[in-house]
Amino acid sequence: MNILETVKEGVKNAIENLYSEKVDASSVILNPTRKEFEGDYTLVVFPYTKIGKKSPPQIADEIGNYLQANVSEISDFNVVKGFLNFSFNDEFWKGFLSQNVDNQLFGKGELTGKKVMVEFASPNTNKPLHLGHIRNILLGWSSSKILKAAGNEVVNVQIINDRGIAICKSMLAWEKFGEGGTPESTGKKGDHFVGKFYVEFESKFKAEYTAWQQSEEGIEHFLSHKKGEQTEDEYFKKYKQNYFNNQSQLGKAAKEMLLKWEAGDEETVALWKKMNGWVYDGFEVTYDSLGVDFDKLYYESNTYLLGKEMIEKGLNDKVFFKKEDGSVWIDLTDAKMDEKIVLRSDGTSVYITQDIGTANLRYQDFGVEKMVYVVADEQDYHFKVLFETLKRLGEPYATDLHHLSYGMVDLPTGKMKSREGTVVDADDLIAEVIDEVRKNSVERGEIEELSTEERNEIYRRIGLAALKFFIIKVGPKKRMIFDPKESVDLQGQTGPYVQNAYVRIQSILRKAATQEIDLSKGDNYVKIEAQEKELLGSLFTYPSLVQLAAKDLDPSSIANFCYNLAKDFHKFYHDHSILKAESEEAMAFRIQLSKMVATVLASGMDLLGIEMPERM
RNA sequence: GGCUUGGUAGCUCAACUGGAUAGAGUACCUGACUACGGAUCAGGAGGUUGCAGGUUCGAACCCUGCCCAGGUCACCA
């Protein structure tokens, strides 16, 4: 049994013995003692004042005495107001360390036998990945790692939006202005190459629209359609979509292309395949540099017709109802949502139809019992509706559906807008942060004797650590402001700071390996010091933190843990000598302690998708 | 307007899910190595946790009302 369980059981027994009242051991709450007080864990006794009918300090004292007498690991306690702080003895902590120091699986949960799917990334194929995708990908990837560490079997998937009007715009622009160029012939990365044509289409469309606005026809249109005091700018901004759909030559051409694609026109489909292929090649490079991969890709071109049969079945089961015009709806008003259409009056699918079908398909493919969708918070309502609908359809996985909703990424200058060219490109950003590390490292001159290849690998790891940590340390739900200048910071609360703690330890361990040191002497170390205890206490909480992070789908808690552990180590390292410790026992103990800190740091950072360098 | 998410030091973020004197980083001052790596450590200054009530031994956290910001309320995806 876990020591904390033992203590809780002890508290339960104490209350039974002292006050003849029954409490549930699982209801007992223990918190790590705050740094400014003496002790390892704290029991807040206020909840028991009613049961004990005595003052809080009296009760704390009585429970403390009982625990000290009956739980052998507890060596000491003190009472501050209603707070009972108790300490475990050194034997317990030394045992904890020696048992786990070489356990590479420390922190990993027992296998649950549960299969979980995580969907993330899910880009459109008309333009390259940007900063928003990076947040999505990092959240998805680390959630997946955390779920796996918590003992689940995990399947990573994404759904690629490879169809629709957007890609047709790129295709059309390439046909018109591409002059037969390819990524190879131009030396451009595939997704950027295709994205360029998307932008070109948009700018040509804008030119066409502006010209129309200034034409006699446009002016007349404005005068006869404007509402009230509406200015030209306001009116034409709103009318843009209408113009695209009904009047634009370019819009007409793009829509014709979409119709041809839907009809399966050979030439169109071939072009579509070719251009999407370029994009996928480009995406692959970006995923690779971020260090992520997927078990299966779903394509909307294959799934967009799914779900209709389930609507039929749901109609029979009265989950859905049909309106007079033939459209099919679900009524969620009793769940405080609205009615929602699931099938158009002409019998075709809408967005949610496809998602219903895809969820079912994934269940058939993998038998997953739990699904996590990593999607921006603008789709919160959509997923509420989707999950409720799947529940009512009686889908077997419907009780364990989660939307990992995250806030948008803003720049210090405001929102990212592709139209205004303020989007931060993923590939550029990665290259930039690595380059910054390179410059910094050259100045430092610490690793110049290594080969170019080795150095580049180190730069890559540090740069990505800086970028990833910077993004992951913020709680997912929070809308975050991304300052490119701060993202390349290598000091303070950063990925490289954590890496540096690890590197320092590796350096010590390398040096220690050249000496003959009897590590077993650490067991005879006499008095564990406060800072050592703090490190042990943090290490001790790691496994439960992994479980909590998995339950809450919150990688930021792991990032903050890693930072705090690294911080405690840096301080310990500064204040205590390890290889020149005052005794052989102290040296052996501290080497073991440092080693375990390094292992846990590497493990925690791995859950964030961050690799550790051995030197830096 | 309904629903929803957020509002904490100048700035970027924490706070173990209701616990002790609300913590870090950054920016600004000041200090610390003839080394187990200074990508480090220590100190100073910086707060009415958006506002007002309430609940209780105790509230940044729960309840009510209001203010500010984002999102969403399509037979778009």
Side-chain angles (χ1 to χ4, degrees), chain A residues 29-37 42 44 46-47 49-50 55-56 80-83 85 124 161 163-166 241 300 304 323 325-329 336-338 340-346 348-352 354-355 376-382 384 405 407-408 410 412 415 437 440-441 444 446 462 466 470 473-475 477-483 486 489-501 503-512 541 544-545 548 552 556-557 559-561 563-564 567 570-571 573-581 587 590-591 594 615-616:
Chain A
I29 297 169
L30 298 174
N31 296 315
T33 303
R34 295 181 63 123
K35 278 185 184 179
E36 55 271 34
F37 298 96
T42 297
V44 182
F46 286 109
T49 49
K50 274 180 193 144
S55 73
V80 182
K81 293 189 280 184
F83 299 90
N85 305 317
N124 295 341
N161 184 3
R163 58 176 278 276
I165 195 75
Q241 199 58 41
E300 272 194 18
Y304 79 111
K323 288 197 176 177
D325 63 0
S327 57
V328 181
W329 297 69
K336 287 200 274 188
M337 287 175 259
D338 285 328
K340 174 81 189 175
I341 190 163
V342 292
L343 210 56
R344 290 191 191 109
S345 51
D346 63 5
T348 56
S349 304
V350 292
Y351 181 39
I352 199 161
Q354 181 192 136
D355 272 3
D377 62 6
E378 58 191 355
Q379 295 200 39
D380 283 356
Y381 183 69
H382 169 74
K384 261 180 86 177
S405 161
M408 296 285 177
D410 291 331
K415 282 175 92 163
V437 168
N440 211 284
S441 178
R444 211 178 292 265
E446 196 72 56
I462 299 174
F470 186 75
K473 73 177 181 189
V474 181
K477 269 201 293 194
K478 201 151 187 155
R479 199 180 174 97
M480 70 175 289
I481 296 179
F482 183 92
D483 188 335
E486 285 176 22
D489 273 353
L490 309 173
Q491 275 140 22
Q493 196 178 30
T494 65
Y497 175 94
V498 179
Q499 289 178 320
N500 186 230
V503 165
R504 281 179 144 180
I505 296 171
Q506 296 312 310
S507 169
I508 292 173
L509 295 178
R510 274 195 300 271
K511 200 159 277 185
T541 60
S544 60
L545 181 71
L548 187 67
D552 293 348
S556 74
S557 61
N560 286 308
F561 169 85
Y563 171 70
N564 286 320
K567 187 176 163 62
H570 277 306
K571 184 168 170 53
Y573 174 92
H574 182 263
D575 293 347
H576 295 80
S577 197
I578 296 171
L579 292 179
K580 288 179 191 149
M587 176 170 72
R590 287 177 190 162
I591 289 173
S594 304
R615 304 190 48 183
M616 64 194 284

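Atoms considered below: every heavy atom in the structure, side chains included; atoms not considered: hydrogens, waters and symmetry mates. None of these values were measured; they are calculated from a predicted model. A note on names: the letters A, B, ... follow the listed sequences, proteins ahead of strands, and every chain is numbered from 1.
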(message) Less than 4.0 angstrom between a side-chain N/O of Tyr497(A) and OP1 or OP2 of rA24(B), yes or no?
(response) no
(message) For a quick test of reading the model, state the closest non-hydrogen atom pair linking Arg510(A) to Arg615(A) and the distance between them.
(response) NH2-CG, 3.8 Å
(request) Say whether, by atom type as modelled, one donor and one acceptor occur between the side chain of Ser594(A) and the main chain of Arg590(A) under 3.5 angstrom. (result) yes
(message) Can you tell me which nucleotide in rA39(B), rA14(B), rC75(B) comes closest to the side chain of Leu490(A)?
(response) rA39(B)
(message) Would you say Thr494(A) and Asp489(A) are linked by a side-chain donor-acceptor pair, where the criterion is simply a distance under 3.5 Å?
(response) no
(request) Determine which nucleotide pairs with rG65(B), using a 3.5 Å limit on both distances of a Watson-Crick or G-U wobble pair. (result) rC51(B)
(request) Scan every strand shown for a Watson-Crick or G-U wobble partner of rU17(B), both distances under 3.5 Å, and answer none if you come up empty. (result) none
(message) Please report the distance separating the P of rG43(B) from the corresponding atom of rG23(B), rounded so that it comes out in whole Å.
(response) 14 Å
(request) Not counting sequence neighbours, which residues clear side-chain hydrogen bond (donor to acceptor under 3.5 Å, both in side chains) with Arg344(A)? List them please. (result) Thr348(A)
(message) Can you tell me if Leu579(A) has over 12 outside heavy atoms packed within less than 6.0 Å of its CG?
(response) yes
(message) At 4.0 Å (heavy atoms only), tell me whether Asp483(A) reaches a base, stays on the sugar-phosphate, or touches nothing.
(response) nothing
(request) Tell me whether the OP1 or OP2 atom of rA20(B) has a side-chain N or O from Asn85(A) closer than 4.0 Å. (result) no
(request) Give the nucleotide from the list rA20(B), rU72(B), rU40(B) with an atom nearest to the side chain of Tyr381(A). (result) rU72(B)
(message) Between rA15(B) and rA39(B), how many Å separate the two P atoms, rounded to a whole number?
(response) 29 Å
(message) Rounded at 0.5 Å granularity, tell me how far NZ in Lys340(A) sits from OH in Tyr351(A).
(response) 9.5 Å
(request) Can you tell me, in whole Å, how much space there is between the C1' of rA24(B) and that of rC57(B)? (result) 30 Å
(request) For the side chain of Trp329(A), starting at C-beta, report the closest nucleotide among rG7(B), rC75(B), rA39(B). (result) rC75(B)
(request) Return no unless some side-chain N or O of Lys81(A) is found under 4.0 Å from OP1 or OP2 of rA20(B). (result) no
(message) With hydrogens left out and only the distance checked, is there a donor-acceptor pair under 3.5 Å joining Asp489(A)'s side chain and the base of rA39(B)?
(response) no
(request) Using a heavy-atom cut-off of under 4.0 Å over every strand shown, decide if Gly407(A) touches base, sugar-phosphate, or nothing. (result) nothing
(request) Return yes if some donor-acceptor pair links the side-chain N/O of His570(A) with the main-chain N/O of Tyr497(A) below 3.5 Å, else return no. (result) yes
(message) Counting only side-chain heavy atoms from C-beta out, which of rG7(B), rU40(B), rA20(B) sits nearest to Phe37(A)?
(response) rA20(B)
(request) Taking atom C1' in both rA14(B) and rG54(B), compute the distance separating them and give it to the nearest angstrom. (result) 28 Å
(message) At less than 4.0 Å, is any side-chain N or O atom of Arg34(A) found next to OP1 or OP2 of rA20(B)? Yes or no.
(response) yes
(request) Sticking with atom P, work out how far rG50(B) lies from rG10(B), rounded to a whole angstrom. (result) 13 Å
(request) Please check the phosphate of rC41(B) (OP1 and OP2 only) for any side-chain N or O of Lys571(A) closer than 4.0 Å. (result) no
(request) Taking only the side-chain heavy atoms of Ile508(A) (C-beta and beyond), determine which of rC36(B), rC13(B), rC11(B) contains the nearest atom. (result) rC36(B)
(message) Suppose we call a contact any N or O donor and acceptor under 3.5 Å apart; does that hold for the side chain of Arg444(A) and the base of rA39(B)?
(response) yes
(request) Please determine, for rC28(B), whether a Watson-Crick or G-U wobble partner exists with both distances under 3.5 Å, and give it or none. (result) rG44(B)
(request) Check whether any side-chain nitrogen or oxygen of Lys473(A) sits under 4.0 Å from OP1 or OP2 of rA24(B), and answer yes or no. (result) no
(message) Quick check for you: among rA39(B), rA20(B), rG25(B), whose closest atom lies nearest to any side-chain atom of Val80(A)?
(response) rA20(B)
(request) Compare all side-chain heavy atoms of Trp329(A) with those of Val342(A) and state whether any distance is below 4.5 angstrom. (result) no
(message) For rC36(B), does the base pair up with any side-chain atom of Ser507(A) as donor and acceptor (N or O, under 3.5 Å, distance only)?
(response) no
(message) Checking base pairs now: Watson-Crick or wobble, both atom distances under 3.5 Å. What partners rU8(B)?
(response) none
(request) For the side chain of Ser345(A), starting at C-beta, report the closest nucleotide among rC75(B), rA14(B), rC36(B). (result) rC75(B)
(request) Check whether any side-chain N or O of Lys567(A) sits under 4.0 Å from OP1 or OP2 of rG23(B), and answer yes or no. (result) no
Identify the pairs formed between an N or O of the protein and an N or O of nucleotides 58-61 of chain B at a distance under 3.5 Å, and give each distance.
none

(request) Tell me the partner of rG1(B), counting only Watson-Crick (N1-N3 plus N6-O4 or O6-N4) or G-U wobble (N1-O2 and O6-N3) with both under 3.5 Å; none if nothing fits. (result) rC73(B)
(request) Would you check if the side chain of Asn564(A) reaches a backbone N or O of Asn560(A) as a donor-acceptor pair within less than 3.5 Å? (result) yes
(message) Let's see if you can work this out: which of rC36(B), rA39(B), rA14(B) has an atom nearest to the side-chain heavy atoms of Ile462(A)?
(response) rA39(B)
(request) Look at the side chain of Thr42(A) against the base of rA20(B) and say whether a donor-acceptor pair falls under 3.5 Å; ignore hydrogens and angles. (result) yes
(message) Checking contacts here: which listed nucleotide (rA20(B), rC36(B), rA77(B)) is nearest the side-chain heavy atoms of Lys511(A)?
(response) rC36(B)
(request) Would you tell me if any nitrogen or oxygen in the side chain of Lys415(A) comes within less than 4.0 Å of OP1 or OP2 on rG71(B)? (result) yes
(request) Please state the C1' separation for the pair rA9(B) and rG46(B) - nearest whole angstrom. (result) 6 Å
(message) If you compare every side-chain N and O of Arg479(A) against the phosphate oxygens of rG7(B) (OP1, OP2), does one of them come in below 4.0 Å?
(response) no
(message) Would you measure the distance from the P atom in rU26(B) across to the matching atom in rA22(B) and give it in whole Å?
(response) 22 Å
(message) Of the listed nucleotides (rG19(B), rA24(B), rA14(B)), which one gets closest to any side-chain atom of Phe46(A)?
(response) rG19(B)
(message) Base, sugar-phosphate or nothing for Tyr573(A)? Non-hydrogen atoms, less than 4.0 Å.
(response) base
(request) Select base, sugar-phosphate, or nothing to describe what Ile341(A) touches, counting heavy atoms under 4.0 Å on all strands. (result) base
(message) Using the rule given for side-chain contact (heavy atoms from CB on, under 4.5 Å), can you reason through Ile29(A) versus Val44(A), listing the C-alpha separation, both sets of side-chain angles and the distance that settles it, and then say yes or no?
(response) CA-CA 7 Å; Ile29(A) 297 169; Val44(A) 182; over 6 Å; no
(message) Using a 4.0 Å heavy-atom cut-off, does Val44(A) contact any base of the nucleic acid, only the sugar-phosphate backbone, or nothing at all?
(response) base
(message) OP1 or OP2 of rC76(B) versus the side-chain N and O atoms of Arg344(A): is any pair under 4.0 Å?
(response) yes
